[in-house]
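Input: a single structure, listed below in structure tokens.
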Amino acid sequence: MRLRRVSWLRDGGGRQAAERGRGRGGHGLSLEARWRGCGRAEATDLSGARGFRRRGLAAARRFRRQGSAGARGRKATEGGGRPLAFLIGSRDRDFQLPVHYCRAVDEAYQQTAIDDRSIKTLGIAIAYYPWNTWLLLFFLAQLYALLSTSDGGNITHLPDPFLCHLDQAKSLLQLKKSFLFGTSTTILPSWQDGTDCCLWEGVGCDASSGNITALDLNNYGLSSYSLDPSIFTITSLRRLDLSMNDFSGGRWDSWSTIWSDTIPAYGFERLTLLTHLNLSNSGLYGLIPIGISKLANLLSLDLSGPPHCYDGIVACNSLGSDFNTLLANLSNLRELYLDGVDMSDSEEHWCTSLATFVPHLQVLSLADCWLSGSIHETLSRIQSLRVINLQRNYDISAGPFPEFFVEFVNLTELQLSDINLEGWFPSRTFRSKHLRVLDLSNNPDLSGHVPNFSNASCLEILRLYGTNIMSLKPTSSSNFMSLKELSLDRNLVSMDFLYSLGRLGSLCWLDLGLESVSDLRPIFSWIGDRKILTSLALTGCNFSMTEPSLVSNFRTLRSLNMVECILPRPILSAIGNLMDLETLEIDNCITYGSMSSSFSNLKILRNIYINNCDLSGPMSSAIGNLTNLRTMYINGGGFSGPMPAGIGNLTNLRSMRIIDGGFSRPMPIAIGNLTNLKTLEIHDAYIGTIPYAIGQLKQLMWLDLAGCNFSGSIPSSIVSLTHLTKLDLFYNSLNGEIPLCIYTLPVLRHLDLSWNQLHGHIQESDIVPSQLEYLDLSKNELSGPIPKTIFQLNNLIYLDVSSNNLIGLVELNSFWTLRNLVSLHLSNNKLCVMDREGHKPLSTYLSGPTELGLASCKITQFPISLMHSEQISYLDLSCNNISGAIPNHVWEAWSDSLLYLNLSHNNFTDIQLTSGVFPFTNALDTLDLSSNRLLGQIPMPKSSAHFLDYSSNRFSSVLRNFTMYLAYTSYFSMSKNYLSGHIPYSICKSGMEVLDLSHNKFNGPVPSCLLEGQNSCPRCGVQSSLRVLNLRENEFEGTFPSNIAKACSLQIIDLHNNKIEGKLPSELSNCQDLEILDFGSNQIADTFPSWLRGLPQLYVIILGSNRFYGAIGDIVGDTKSEECFPSLRIIDLGSNNFSGNLRPQWFKRLKSMMTNMSTTGQIIAIDRFSDFAGYYQGSIEITYKGSYISLEKILTTFTAIDFSNNSLEGTIPESIGRLVSLRVLNMSNNAFTGKIPAKLGGMTDLESLDLSCNQLSGEIPEELTGLTFLDVLNLSNNHLVGKIPQAHQFSTFNSSSFEGNAGLWGPPLSELPCGASNYTPSYDNVNKSVDVVLFLFSGLGFGIGFAAAIVVKWDRVRSWFTAAASVSQTRLPLE
């Protein structure tokens, strides 16, 4: 099964997903909109009727809006699908009706007393005789008069100028006042005080009473911060349509972490006369108000939203109670549209609820609703159903096709894609003679033959893609004459089957999967014969052996979509010959070469989408010839070099989105020529500065240049962008001050300048940006106080100034005056945040913020104002000085809302909790109580948490069943407490990424299930991806488990200082991502694990203080590979029983230590697939400069070899001198003989050299004086002779470095040799408790590699420690 690409269409501040093809996105566009090209093709066959028809429909639209708002919602005679408004274009104001004009006329007039037959005759005459324009105008005028006096329409506009009630007019004016018209298609000019509201646009009144009965604002592009409650005072409303607007104030489109309900909880229950309610795609999301369930007169209810709410892209509606509660009083309901509503809580009873409470339902649309259970046979009781849409409910239980659907005689649409249908499709014939749409796509386990239809000539859409349905020649009576859209998989793509469908004279949309079709010529020839085919989608097509001329024959195409195809350059050139193309989509295709120059022939191309196609090389200059282009979307184009200056020729362009374009030159100045551009979004491309010419884009509403590596200052020309609603410059390298002019942009709602290098003060402004809702200035270098202007941004919803250098005293209560504020982040500045008693509490200011970031704000007590808040979803009070008990208000008042809680690095001593479980209803994202002084038993969150950290406290016990609360936990740390006991097998059920139980007193064996790989708990089916296993400093015993899966994903294994015995399992070599392996200070008795040599990412091996024995020279073994320990930086084999000689080959293969490194170090590639990349760092302990120290956070430039305290003998190999990046070499306390290799003098980065307590002889090589970074030297207790060299560093070493060598003389020893000394070097003068804070980042980001900031003098080291410690206080955010 393949999922089709999402085509993102932007309009101002709003973003809608209109997905084409199949898969998660479905079709997005209405069925009729997909046939737009068909209407044009038909018109060309009607002797020029196309232009006349367009003008006629436009007039009909104007008429409908002005005088027949109440007519919206009436159903079409054929099909009974969406209302007439939907057919004519309520979802798209530029929509061109694709079917015969006479049919539309017939549907529009069916409510009048005019004879249907005469109307139809007249409509046909108009359609076929376009020269009678006067006849059409006369006809429309007469119809207007008829509708205005008809008893059937309650929307009559009478000439009486004061027909409507003044109180209702006042309510509408209040509603208008709440609207933002920045992106709207109208400013409602007729809505004026002192005029008759019954004549206002979108308003309909009752002819006799003057009450407003209809309000239709569908697709006006209106926006507001919320739905004004004044609308609920118009209790006479019968029809209310607010669809296709945005009453969330753009919140759902600007950021994805602030979800407060925007749909009013109360008010709808007052509109008891409503028969039609449409709130679809209106930005009203949240729990469906209980008041809607009380509207007993409802005939049509539409609460649909975007189809991706569950993916975290946009917010969605959800059932506030069970499905029964919503439907119980709606027995009159005929149409129910809940697409995109989260109905997961309804479980499997939804079918029964529908059959019980809405028995007369005709339209049921529950796409993307997270339905579960099966399609129950109780649904068969609703025989009135005409439209059934259940597509993309992936959790519906796998089962057979519901055969009772075949018996529905009124069925016109049946859409069942992506619902896990399986088994054999029934051979029975559909009884309905009006079936127009059948969609069974993306049910790969559905088998059988092509369905049988009682009236195939009525079918308009047939989608069988992604099924296992096989072709069976249709009966001779089959005639698919009306088929407009056909979607087939490779199982059905054969010439016999295609020809058996008949002429297909109406086919305009064809979608074929051709993965296994070898000979494309007959298929393409057949496609070329479809004279009205306007849209073609091809998946999995290999064009390598296809003649380009076959593609050039698709001359009627308006739209071409190719997914996962192989496109040689000649084919790309042939596409350039399709002169009538308006839309071209190339998605995940393999291309050879850059964009073809023949694309310049596509003069009328309006939309181009290129997604994940490697069009290597520069972008073709041919792009500049596409002067009719309206939309450009390029994601992962693989371009290089500059963007061509010809891009400035695309003056009709409205939207340009380039993601990861690969351009490596500055943005061209010619981009300033795109003066009609409304949306400009470019990510991960370009260098240099933002061009000043950007200010010429006067129509621009959306400017997003995040992650482009722009430098320099923000151009002042941005002040000219007076229509700008969003400005996003996140994650660049911009510097300088924030231009004051930004705050003067009149309609700016979203401003994100975070993750730059901006400095200076946040300037005060006389002009307050009244529309600003989202302001993010975090992660910069801003200084000074928070300006007073901030507190005048009354519409502000999100404010983040964290991680700057802001100073001053801030009253927390001062932010509560911002009535719309939802999210406030002040963390990691130099602010002192006060929360004084006596000020107005949070409860007096509406609901107050639900997200608060107050880390490192010098807070000394839990904010009192929060104790009045009833809903907090995010709270960060880390790195303050708060003491005492954590108040129980946190889990008592916020149990239903809290998702993130960080109270780490404080002085909390108690948790006011009566049980051992936090009663949080939701699974938390983060619960961090680390680095406090908490005692007793560790409390667990009731619904688990993704990130769970209890480290560095004084906890002494855990719940016996604590693992049952780790169901969704990926990061779990209880390190540095006083915990004991065995670790239960059930800990493996969570599928964690990070498990850190270090520095406790746990005992028993290491649970073997932790190492079993992808399915660590076969009984529970949990998928494990354990990356970090840290059990250091405990009392684990026994052998380490050997059942290590081949798919092992571990990157850090740390069991330092336990009681592990036996041998190291060779299965550890299965962990191909392993970076740190630390079994130091155990009781392992084994030979050197040379089988580790092939691990490509292994940076650290710590095996010291064990019982290893034998030679360590067999690093190469039998392999001839040059890659032996290719990434090794640190190896500690000290304090074991190794013996024998060191082979020179040992050091010749350590390529990773043979390259000079910079002093700053390079970060090893962070694993982007981990949620904790950049946060977790491993730690190790090694002997460094004579002390046993702890290394935290390591960069790759730190390298060390420790072979001390063994029984190694023979000479020290000269090949060790090739390790020029080595910083620590310790071979003390062995039995080495011979001379000190002179080549050690080439190890210019060496900082510590310890060769003491061996049997080395000869003189100290003069070459060692070239080691200018050498800080610690110990050559004591050997048999060295001669004068001690005096140059460079050697003059700084004291006598302890050389004593115990009877033949040595000269400073700092006596001038002449005086015999052997009994002196034994002592390191007591070196502080053994020094913690060297270094940085280590691994491929996972869990911290491997070392800082080269360890230099010659200890005082420099100490100063570096101080700086590093301050850096380590800052916790990187989760990504």
Side-chain angles (χ1 to χ4, degrees), residues 73 75 80-83 238-240 263 265-280 286-305 316-391 393 395-397 402 404-405 407-416 419:
K75 298 297 169 282
R82 292 280 194 176
R238 297 178 183 273
R239 295 175 179 270
L240 177 59
I263 189 169
Y266 304 101
F268 286 101
E269 65 278 1
R270 301 178 61 185
L271 307 179
T272 56
L273 299 179
L274 275 182
T275 60
H276 294 76
L277 177 61
N278 189 347
L279 304 179
S280 63
L287 297 179
I288 296 177
I290 193 68
I292 291 180
S293 65
K294 299 178 181 180
L295 304 179
N297 292 311
L298 274 182
L299 299 176
S300 177
L301 175 62
D302 191 346
L303 302 177
S304 300
C316 62
N317 290 320
S318 59
L319 292 175
S321 54
D322 60 33
F323 202 23
N324 291 353
T325 303
L326 176 64
L327 299 180
N329 299 314
L330 306 183
S331 58
N332 292 314
L333 204 62
R334 298 297 188 270
E335 300 176 354
L336 179 61
Y337 304 95
L338 297 179
D339 302 338
V341 174
D342 183 357
M343 294 178 58
S344 56
D345 292 338
S346 64
E347 298 179 344
E348 57 184 32
H349 307 300
W350 55 276
C351 290
T352 304
S353 301
L354 289 165
T356 303
F357 298 112
V358 286
H360 307 296
L361 199 65
Q362 297 176 10
V363 177
L364 174 64
S365 191
L366 301 179
D368 304 289
C369 286
W370 271 18
L371 295 173
S372 58
S374 59
I375 303 176
H376 198 267
E377 61 182 4
T378 55
L379 202 61
S380 64
R381 304 205 307 250
I382 313 179
Q383 288 290 315
S384 55
L385 279 172
R386 293 186 285 110
V387 174
I388 301 174
N389 182 5
L390 302 177
Q391 60 185 339
N393 282 291
D395 292 333
I396 287 182
S397 301
F404 56 82
F405 286 157
E407 300 297 323
F408 284 8
V409 295
N410 297 311
L411 199 61
T412 61
E413 294 184 19
L414 181 61
Q415 300 194 60
L416 302 178
I419 63 168

Considering only heavy atoms from C-beta outward, does the side chain of [X] approach that of [Y] to under 4.5 Å?
{"X": "I288", "Y": "F268", "result": "no"}
{"X": "I382", "Y": "L354", "result": "yes"}
{"X": "F408", "Y": "L379", "result": "no"}
{"X": "T275", "Y": "R239", "result": "yes"}
{"X": "I263", "Y": "L287", "result": "no"}
{"X": "L364", "Y": "V358", "result": "no"}

Partner residues of [X] under the side chain to side chain donor-acceptor pair (under 3.5 Å) criterion, sequence neighbours left out:
{"X": "H376", "answer": "T378"}
{"X": "S384", "answer": "none"}
{"X": "N332", "answer": "none"}
{"X": "S372", "answer": "none"}

Which atom names give the shortest non-hydrogen contact between L338 and S304, and what distance separates them?
->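 Taking every non-hydrogen atom into account, N-OG, 3.8 Å.
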
State which residues pass ring-ring contact (aromatic ring centres under 6.0 Å, His included) with F357; sequence neighbours excluded, sorted by chain then number.
-> none

Is a side-chain donor or acceptor of [X] paired with a backbone partner of [Y] at a separation under 3.5 angstrom?
{"X": "E269", "Y": "G267", "result": "yes"}
{"X": "N410", "Y": "R386", "result": "no"}
{"X": "N393", "Y": "W370", "result": "yes"}

Without placing hydrogens or testing angles, list every side-chain donor-acceptor pair under 3.5 Å for residues 292-299, not counting sequence neighbours.
unit_1: S293; atom_1: OG; unit_2: I290; atom_2: O; d: 2.4
unit_1: N297; atom_1: ND2; unit_2: T272; atom_2: O; d: 2.9

